[in-house]
Amino acid sequence: MEINYINLAGATLYGIPQKKINKIKEKAKKTFPNLDIPNIYQDGRNAIAAISKSRVVGWIDFETNSMVDQINSIDISPNFLNENIIGDLLAQAIYELKNEKPIISLPLNMIEYFQPSIEKYNWDYTSYTIYPNNEYYRSYNEHSLHNIKGTQKSKSNN
């Protein structure tokens, strides 16, 4: 199955019409109703959409600022969980962030799909959180919030 990846900030920079970018955001919101669609390229935020046959089947939203590099959300359609979209989206976000250890929280029921990336980038398991809906999340690399990138791999200026 062919998957295309669209970096929304990159699309903006290369002159893709805002109408087309907004259409991708709308499709992402339909596929993932709980998704908080960011204003791309504001405050260091960006997103990448995975598209198959004009359907958004995956999404990653990430940001970089003076304090931290963070992956805010990553969503994959259930039918595409075994297509390595997670690994591809993470690799692209990590490339954009220039940091292999961004802060990320993952739902426990999805850990198996993220395990190859957790091992590849040697992420540091830091804590777990239970949200009001009783969902458990495991966090990685978050201790860098307190150390201001102290434990995150340094960003390269290249």
Is a side-chain N or O of [X] found less than 3.5 angstrom from the main chain of [Y], in a donor-acceptor match?
X      : Y      : answer
Lys27  : Ser54  : yes
Asn7   : Ile48  : no
Thr126 : Ser139 : yes
Asn46  : Ala9   : yes
Asn141 : Asp124 : yes

Exercise. Which is it for Tyr131 and Tyr137 under the ring-ring contact (aromatic ring centres under 6.0 Å, His included) test, yes or no, and what are the steps along the way?
Worked result: CA-CA 8 Å; Tyr131 288 97; Tyr137 282 78; 5.1 Å; yes
Let me confirm one number: the [atom1]-[atom2] distance from [X] to [Y], rounded to the nearest 0.5 Å.
X      : Y      : atom1 : atom2 : value
Ile76  : Met110 : CD1   : CE    : 7.0 Å
Phe32  : Ser73  : CZ    : OG    : 9.5 Å
Leu106 : Ile111 : CG    : CD1   : 4.5 Å
Ile60  : Ile85  : CD1   : CD1   : 12.0 Å

Can you confirm whether the side chains of [X] and [Y] place a donor and an acceptor under 3.5 Å from each other?
X      : Y      : value
Asn22  : Gln18  : yes
Glu63  : Asn72  : yes
Gln115 : Glu119 : yes

Exercise. Is the NZ or CZ atom of Arg138 both under 6.0 Å from the centre of the six-membered ring of Tyr125 and within 45° of that ring's axis?
Worked result: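 Output yes; distance and angle both within limits.
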Exercise. Between Ile3 and Phe80, does a side-chain contact (heavy atoms from CB on, under 4.5 Å) hold up when you go through it step by step?
Worked result: CA-CA 10 Å; Ile3 307 291; Phe80 291 84; 4.2 Å; yes
For this session: Please say which of Tyr121, Trp123, Tyr140 ends up in a side-chain contact (heavy atoms from CB on, under 4.5 Å) with Pro102.
Result: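 The single option meeting the side-chain contact (heavy atoms from CB on, under 4.5 Å) with Pro102 is Trp123.
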